[in-house]
Structure formats: structure tokens, C-alpha cells
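Structure first, then comments.
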Amino acid sequence: MSGSDVASADPLEFVHRWIAPGNPALPTLLLLHGTAGNEDDLLPLGERLLPDAGRLAPRGRVLERGMPRFFRRLAEGVFDLDDLRRRTDELATFVGQAAGRYGFDPRRVVAVGFSNGANIAASVLLQQPGVLAGAVLFRAMVPFEPEPLPRLADAPVLLSEGRYDPIVSEDEAGRLASLLDRAGARVTLRWQDAGHGLTPADIGDAARWLRESSGFVL
Ligand code: MLT
């Protein structure tokens, strides 16, 4: 598998949607879709997870046989690490630029990612600590193993994984939880009776976690 870029004049620009917050005291949600998704996919999910929060939803800039992704892969679960590094930096830069453009607080951005979107969110946490205040990661894998470990300063991270996921094994999810924990994140790992797809339980648990446990909503 390989991929080409979604055309854009500015290498740091992403096709994206921005929904201004109804309540600016809430953190901004950075919504990151899965393979073959787009900038519209997770907007309703964001609204259900944290109503009235600002929502920034970019479209992945890599095309794999016409399907948008956030970084290239060589095969299922085998990532192109050079491309991942570059795309992670691009996304981090885009978030900073969007904060300036739309006037949200860059220190209060919480990623919500599904599958490929969760993997690039985990990569931003590990490669660019400080860009995300925390994350909700649905069906995430270990994007890469950082050496040395970054310092995630107690950043709250929810991992919502599927017990019967044919793509993300229990071992893989456990390794990601342990990696983030060793880097200093405050990790909550939830197992759903589910495969790779999202279920109502994922959404309910994540909404509760955001409101009651993450510390983002005062
Ligand atoms: C996907 O299909 O998106 C994979 O399972 C995750 C990835 O490639 O990042």
C-alpha cells in the first residue's frame, strides 16, 4: 500500500471543517477520521461527546487508492514511519495555525480519533507533547515506539478498544496503554464488547469520561 497527497497549494493546509463553540469554556475537539473518511465524518460524534465544544475536523492528506488517511502504511498495521513522522508534524502545525485563525486556546485541544485518526493522535501525543491536552482514542494502535519517552504531564487519555477487534489485538492495545502510561499520561483503558467499529457503548463511555473524569469540564 502507498499513497499520494490530497492536492493543496499550502503543504500545511488541510481541507477541514471548523464549528465554533457554543460554550468557549469547553476544550476544542480535534476530530480525526478513520481510513476512507473525511472532515464531515466525526462532526456528529463530537457534538454527542461534548455538546457546544468547538470542533476542528481536518481531512487526512494521504490518499490510499482514493481513500483519505492521515499517514501512509505499507500493509495493514505496518506504518511508513518516515511519512508518519512528517504527517504528525504537519498536523501539529495545522492545529497551531487553526488556533490563531479561529481564536481557540491552543493549550486546550483534545483529540478524538477513530482508527487511523486515533493512531495519528497517539503519534502527536508521543512526538509533539504539549500540542494536545488529552485524547479520546477509539481502536488505537502503537504508532511508533519513541526513544526517549516524551513527558505527557498527566494528560488525560481514554483508550476505547474492542475485545473482538480483528485489527487491534488486546496485546497491541495494552502496549499502547502502557507506553502512554510510562510517558506520564493519565490513561483509562476501556474494553468494549465490539469489533473495530464504534458502538453506542464507546460513545456513552467517552461522553461520561469527558464530562466526569477527564478534568476538562469544570
Ligand atoms: C485502518 O484501517 O485505518 C487501520 O486499521 C489503522 C491504520 O492504518 O492507521
Side-chain angles (χ1 to χ4, degrees), residues 1-6 14-16 29-46 56-92 94-95 110-128 131-132 135-146 157-180 183 185 187 189-199 202-203 206:
M1 298 184 201
S2 68
S4 60
D5 272 45
V6 174
F14 285 68
V15 174
H16 67 278
L29 300 182
L30 174 66
L31 302 169
L32 301 166
H33 62 78
T35 300
N38 66 35
E39 63 280 15
D40 291 323
D41 276 12
L42 300 192
L43 290 173
L45 174 66
L56 179 66
R59 185 195 304 172
R61 289 172 48 91
V62 167
L63 283 179
E64 182 186 284
R65 293 194 303 261
M67 300 182 293
R69 285 177 54 85
F70 285 95
F71 58 89
R72 288 181 191 163
R73 62 180 165 179
L74 306 173
E76 179 69 76
V78 183
F79 302 147
D80 176 336
L81 295 182
D82 288 337
D83 189 64
L84 175 59
R85 195 170 303 117
R86 182 159 71 91
R87 305 291 176 181
T88 299
D89 285 344
E90 285 177 3
L91 183 61
F94 167 71
V95 171
V110 176
V112 174
F114 169 66
S115 191
N116 181 244
N119 294 341
I120 190 121
S123 185
V124 172
L125 282 168
L126 295 169
Q127 183 172 310
Q128 293 263 7
V131 169
L132 298 175
V136 176
L137 306 180
F138 296 109
R139 310 300 186 265
M141 306 164 76
V142 175
F144 70 99
E145 308 244 9
V157 178
L158 173 67
L159 299 185
S160 193
E161 305 282 9
R163 247 184 218 106
Y164 314 113
D165 190 335
I167 296 173
V168 184
S169 68
E170 250 184 83
D171 178 58
E172 176 81 21
R175 283 199 310 121
L176 178 59
S178 153
L179 184 59
L180 291 167
V187 179
L189 173 56
R190 289 271 153 73
W191 286 103
Q192 309 294 348
D193 278 328
H196 199 65
L198 280 189
T199 66
D202 281 289
I203 299 169

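Values in this document were obtained by computation on a predicted structure and should not be read as measured data. In listed order, ligands and their atoms are each counted from 1.
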### Message
Between L180 and L126, does the side-chain contact (heavy atoms from CB on, under 4.5 Å) criterion hold? Intermediate values first, please.
### Response
CA-CA 8 Å; L180 291 167; L126 295 169; 4.0 Å; yes
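- Protein residues having at least one heavy atom under 4.0 Å from any atom of ligand 1 are T35, R69, F71, R73, E76, F79, S115, N116, N119, I167, listed by chain and number.
- Note that the CG atom of L56 and the CG atom of L31 stand 7.5 Å from one another [nearest 0.5 Å].
- T88 and Q128 form no side-chain donor-acceptor contact under 3.5 Å, judged by distance and modelled atom types alone.
- Aromatic ring centroids of F144 and F79 lie 6.0 Å or more apart.
- In terms of heavy-atom proximity, T35 sits nearest to M67 at CG2-CE, 4.2 Å.
- You'll find the ring centres of H196 and F114 inside the 6.0 Å limit.
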